[in-house]
Peer 1: 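One structure coming up, written as structure tokens, with questions to follow.
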Amino acid sequence: MLFELILLAATILLLLKLLMAKPDKFPPGPTKWPLVGNIFQLKRWGPLPHLSLGEAARQYGDVVGLYSGYTPVILISSLDGIKEVSSRDELAGRPTSLVQTKIDKGDYGVIMSSGERWKEQRRFTLRHLRDLGFGKRSLEGIAHEELEVVFEEVEKLSRGEKADQKNPVCVHDILGTAGINVLWHIISGQRYSHSDPYLNKLMDNVKKLISISDPSGGVSVVFPIFTTLFPFWTNLPTFLELRRSLHQFIKDEIVGHRKTIDSENPRDFLDIYIAEIDKQSINPATYFKEKQLVQTCVDLFMAGSDTTFNSLTFSVLYMILYPEVQCKVQEELDRVVGRDRLPSLEDRPNLPYVEATLHEVLRLSSVAPLALPHSPLYAEKDIEFQGYVIPKNSRVILNLYAVHHNPEIWGDPHNFRPERFLDEDGKVTKPEALIPFGTGKRACLGEALARNNLYLFFTGLVQRYSMRIPDGHPIPSDDPEGGLTLVPKAFKVDFQTRV
Ligand code: HEM
């Protein structure tokens, strides 16, 4: 009996050892527990993923090896590590998701696709979106129209019951659709009214979809079997329903465009892409298919709406928390632009303090704190990285937040101090450690649009209003909420029109 017990104990120990084993040269990290990997340690280390992963880096260094269930997760927190991952072709993949393998049977779109499909689709999308006005002045008119609507909303919401009474306004209520209308105009030539129930439902669905997306992969990575056996215990059904409604919205637009398209004179991105699908229809190997177009549009929506809104909301929050910066921005705008017209993209090079302030907004807020997960491109090959091994099925997380908050780089990373981006002559500098849009091969495709939108909306608001914490209200916290993207908690602002 004793012998059997010893044998059983030895077998269990051996099994545990096997289940807890890590590959040779796996980066340092906490003990890997059977089945769950490190998910409980991570939960204990911080309420939001960028905080718990920050703690992992503090304990184990700039390259950490973790496990989400049995999936290896490699966390990179140094600037040189992030630059290296982002510049190496074999690390330019994205992890395969359950939706890709089980539902779509392929990796469509731009965000989560890899290899040749991604290269071709990214190039095509970027080229045509640029031609349609991503980084150009044609975008300015649309942004200015949107800004006028934001002004009307501010005026309406802040009007009190008596003539001399003003109500504080919740910033989340006025900026919700600002950026998305500019993007949607470029994609489909359409613009929605801010109160349009369809647009608001759509934005709501995008937000919900982003909020249930976990950068470390969530249940589908930790317990893939759960999503097959007990899907109702996971958020998979919600995810699929939200995704279906977004797909349907784009499909309806495509049907509408097909009815009125003139392929010689494309009006927008949908027309250009539909013409390419028709041109390539005789090529059996083409990636230009309607399913690809639908997912690309959903990707642009997902990547472009929340991030722009969140950055803009942070910019207003910092202006009320740092009124001395707000005054300096207003002084520069008054001197260079005046108050009779809205700031234009042409003014931008002459507004170094504004530019430095926007750099600081993007750095301190780090609205995409962990970028998007990368992965080894070739399923058959592990990768050597800075003396370690990145196993072939890993998720590689780039901790942009850690770089933006590293005291060795910035000195006082937690202060909002635009001056750090100005040289002795008052000219704007852009240190290489400022990487809110990522860097290298998979860097953000919408950077030009995002920067221009942020500039136009921010300067328009600061030029028109003095913004401050409403009397009697507590100082709002700049601790964000979110996960994949970060946003300030709801806060109110007293908008005083400048005379
Ligand atoms: C302030 C606003 C924005 C920020 C901070 C931001 C940040 C990022 C980051 C960090 C990545 C991941 C980089 C990586 O994986 O290495 C990314 C990817 C991406 N972004 Fe943005 N983004 C913003 C706005 C936009 C907008 C407006 C669009 C669309 C019009 C957009 C489209 C994309 C796409 C399609 C990708 C995936 C690129 C690929 O996988 O090749 N983003 N963005």
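This one's a predicted model, so the numbers in the text were calculated from it and none came from an experiment. Numbers here are sequence positions counted from 1. Remember, it's 1-based here, ligands and their atoms both numbered in the order they're listed. Atoms considered below: every heavy atom in the structure, side chains included; atoms not considered: hydrogens, waters and symmetry mates.
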Peer 1: With atoms numbered from 1 as shown, which atoms in ligand 1 lie under 4.0 angstrom from a non-hydrogen atom of S311?
Peer 2: 1 (C)
Peer 1: Does the side chain of S77 come under 3.5 Å of the side chain of D62 through a donor N or O and an acceptor N or O?
Peer 2: no
Peer 1: Quick one: do Q121 and Y273 satisfy side-chain hydrogen bond (donor to acceptor under 3.5 Å, both in side chains)? Show the steps, please.
Peer 2: CA-CA 10 Å; Q121 294 295 317; Y273 203 104; 2.7 Å; yes
Peer 1: For D299, state whether at least one heavy atom is located under 4.0 Å from any atom of ligand 1.
Peer 2: no
Peer 1: For ligand 1, does R94 get within less than 4.0 Å through its side chain, its backbone, both, or neither, judged by non-hydrogen atoms?
Peer 2: side chain
Peer 1: For ligand 1, does R442 get within less than 4.0 Å through its side chain, its backbone, both, or neither, judged by non-hydrogen atoms?
Peer 2: both
Peer 1: For V367, counting its heavy atoms only, list the atoms of ligand 1 lying under 4.0 Å from any of them.
Peer 2: 5 (C)
Peer 1: Is the gap between the ring centers of Y318 and F458 under 6.0 Å?
Peer 2: no
Peer 1: Name the option, out of F309, F301, F437, that contains the heavy atom nearest to atom 6 (C) of ligand 1.
Peer 2: F437
Peer 1: Rounded to the nearest 0.5 Å, what separates atom CH2 in W184 from atom CG in L202?
Peer 2: 8.0 Å
Peer 1: Please determine which of T485, N453, V367, V487 meets the side chain to side chain contact (heavy atoms under 4.5 Å, CB included) test together with S311.
Peer 2: V367
Peer 1: Do NZ/NE/NH1/NH2 and the carboxylate oxygens of K430 and E355 come within less than 4.0 Å?
Peer 2: no
Peer 1: Within the supplied structure, the quantity of interest is the number of heavy atoms (other residues, nucleotides, ligands) at a distance under 6.0 Å from K279 NZ; does it exceed 12?
Peer 2: no
Peer 1: Under 4.0 Å from a heavy atom of A450: give me the atoms of ligand 1 that qualify, with their elements.
Peer 2: 2 (C), 24 (C)
Peer 1: Can L400 be said to touch ligand 1, with heavy atoms closer than 4.0 Å?
Peer 2: yes
Peer 1: Below 3.5 angstrom, do we get any N/O pair linking R122 and ligand 1?
Peer 2: yes
Peer 1: Check whether any heavy atom of H374 sits under 4.0 Å from an atom of ligand 1.
Peer 2: yes
Peer 1: Heavy-atom contacts with G438 under 4.0 Å: which atoms of ligand 1 show up? List them by number with element.
Peer 2: 10 (C)
Peer 1: Within the 4.0 Å heavy-atom shell around V110, which atoms of ligand 1 are there?
Peer 2: 40 (O)
Peer 1: Could you list which atoms of ligand 1 come closer than 4.0 Å to a heavy atom of L183?
Peer 2: 30 (C)
Peer 1: Closer than 4.0 angstrom, basic N to acidic O: yes or no for R451 and E447?
Peer 2: yes
Peer 1: Ignoring hydrogens, just give me the one of G109, S305, P436 whose non-hydrogen atom is nearest atom 7 (C) of ligand 1.
Peer 2: P436
Peer 1: Got E253 and Q190 here, is their nearest side-chain heavy-atom distance under 4.5 Å?
Peer 2: yes
Peer 1: Regarding ligand 1, does W118 bring an N or O atom to under 3.5 Å of one of the ligand's N or O atoms?
Peer 2: yes
Peer 1: Should we count NZ of K427 as having more than 12 external heavy atoms under 6.0 Å?
Peer 2: no
